[in-house]
Amino acid sequence: MTYHPKSDFMRVMIERGYLADCTDYQGLDEALVKGVVPAYIGYDATAASLHVGHLLNIMMLRWLQKTGHKPITLMGGGTTKVGDPSFRADERPLLTPEKIDENIAGMKQVFARYLDYGDAPDGAIMLNNAEWLDSLNYLDFLRDIGRHFSVNRMLSFESVKSRLDREQSLSFLEFNYMILQAYDFLEIHRRYGCLLQMGGSDQWGNIVNGIDLTRRVLDREIYGLTSPLLTTSDGRKMGKSASGAVWLSAEMLGAYEFWQFWRNTTDADIGRFLKLYTELPVEECDRLGALRGAEINGAKIILANEVTALLHGADAAAAAEATAREVFERGGIGADLPTVALDRADLADGVTVAQLFVRAGLVPSGKEAKRLITEGGARLNDAPVLDAGQKLYAGDLAAPLKLTAGRKRHALVVLG
């Protein structure tokens, strides 16, 4: 990237590694220098919470606001009813309107941790595309909007081609998604003066469609900017852990488990993740990322503390670090460890150790629990577990039991 930006926002995007591509670097940069630029990212309500895979783009909105511009979080109350087919092997399950509204309510709580919503010129606003999509008249929409789209061109987009090349069905419902997303950009520009849509690089085609549509309908120039699709240095998709998605909602994933996810970052990813997921100066991120040996563990703790403090608050980050020290350095039982409570009815016929590891969320299945135990990676109160079928009863839970999977993941089992 050789472009030298004038605006603070573009400088941050380039320096910290957020930028994959932009439809017009110079035009966007000049708009950012001239005044407050409203920009949006869309989020379909497919789950009750956002997860770590969304965090990079949430940080982009946060930096947009920190550099004096206006973030717009667009909730896909309308588009979720269709489902984005981009690079998916199959159709998304269709959700009821009630479930979509419930998911949006959960997602709102996460955004409030990162953005300041309000009436200031740079105050964030939250929109729901159901506001304009739910009331569309089908024939009017086809005549006014559909005529601007070439099916030939739509079929050429990689997100569609990858599905068709594998000879997997792409429903007409899903095929409409890119038109609806393009219409979102047009509508948000018309209603709120939005000049920029951001998203992951898999959204490039959808973003360009919105820019083209707005140019054709309103003869206005707007912009698109994408972030890289992030994988860890060992090739895993960002936001996935051994036990599933790393949720941003405290109800779905506790602060300690969230902290632990970042503490377990591989050495090669430290510098990059510090730039993307914290607000530490770039020079400090580079310094910490260059540490080696035992010193890199200190950098991992800084990463975990900074990211956890942004989402859950500084007190939660400090408590998580204290718990980790208690568990790792002194072999104790930390108060903030994830806990599974069993009542006496659960224990009437005994519960196997393998089942406990599954119920505690340390492994996704009984098969994985047995494999962990066979390979010597399971401990019960710091003693190796030798028998996956070993049963525990109420009398064994007079005191909390500590489960350990591998070296770094722990949970407590208590009698509820």
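Worth saying up front: this structure is predicted, and the values here are computed from it rather than measured. In this chain, residues are counted from 1 in sequence order.
- Listed by chain and number, the residues in a salt bridge (Lys or Arg N to Asp or Glu O under 4.0 Å) with Lys275 are Asp286 (sequence neighbours excluded).
- Side-chain atoms of Leu28 and Met10, non-hydrogen and from C-beta on, do get closer than 4.5 Å to each other.
- Under the 3.5 Å distance criterion, the side-chain polar atoms of Arg113 are matched with a main-chain donor or acceptor of Leu311.
- Checked by atom type and distance alone, the side chain of Gln181 never pairs as donor or acceptor with a backbone atom of Met178 at under 3.5 Å.
- Proximity of Lys66 to Glu279: side-chain heavy atoms (C-beta onward) are separated by under 4.5 Å at one or more points.
- Between Glu283 and Arg287 there is no salt bridge, since no side-chain N of the basic residue sits under 4.0 Å from a carboxylate O of the acidic one.
- Taking SG from Cys194 and CG from Leu186, the interatomic distance works out to 11.0 Å, rounded to the nearest 0.5 Å.
- No more than 12 heavy atoms of other residues, nucleotides or ligands sit less than 6.0 Å from atom CG of Asp349.
- Between Asp184 atom CG and Gln197 atom CD the span is 8.0 Å, to the nearest 0.5 Å.
- Residues satisfying the salt bridge (Lys or Arg N to Asp or Glu O under 4.0 Å) criterion with Arg359, sequence neighbours excluded, are Asp346.
- Taking CE of Met59 as the reference point, atom NE2 of His54 lies at 16.0 Å (rounded to 0.5 Å).
- For the atom pair CD1 (Ile179) and OG1 (Thr79), the distance works out to 13.5 Å, reported to the nearest 0.5 Å.
- Separation of the Phe157 and Trp204 ring centroids does not fall under the 6.0 Å cut-off.
- Considering only residues two or more places apart in sequence or on other chains, Asp24 meets the salt bridge (Lys or Arg N to Asp or Glu O under 4.0 Å) condition with none of them.
- Here the side chains of Cys285 and Arg16 are in contact, with some heavy-atom distance below 4.5 Å.
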> Could you walk me through whether Phe185 and Tyr40 pass the ring-ring contact (aromatic ring centres under 6.0 Å, His included) check?
Replying inline: CA-CA 9 Å; Phe185 201 175; Tyr40 92 94; 5.5 Å; yes
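- Applying the salt bridge (charged side-chain N to carboxylate O under 4.0 Å, His left out) test to every pair with at least one member in residues 290-299, sequence neighbours left out, gives no pairs at all.
- Without hydrogens or angle criteria, Asp29 side chain to Lys6 main chain gives a donor-acceptor distance under 3.5 Å.
- The side chain to side chain contact (heavy atoms under 4.5 Å, CB included) search around Ala48 returns Asn103, Met252, not counting sequence neighbours.
- Judged as a salt bridge (Lys or Arg N to Asp or Glu O under 4.0 Å), and not counting sequence neighbours, the contacts of Arg272 are Asp269.
- With values rounded to the nearest 0.5 angstrom, Ile270 atom CD1 is found 8.0 Å from Phe273 atom CZ.
- Between Trp259 and Tyr256, the two ring planes are parallel [angle under 30°; tilted spans 30° to 60°].
- Residue-environment remark: CG (Asn137) exceeds the threshold of 12 foreign heavy atoms within 6.0 Å.
- Interatomic distance, OG1 of Thr73 versus CG of Asn57, reported as 12.5 Å (0.5 Å rounding).
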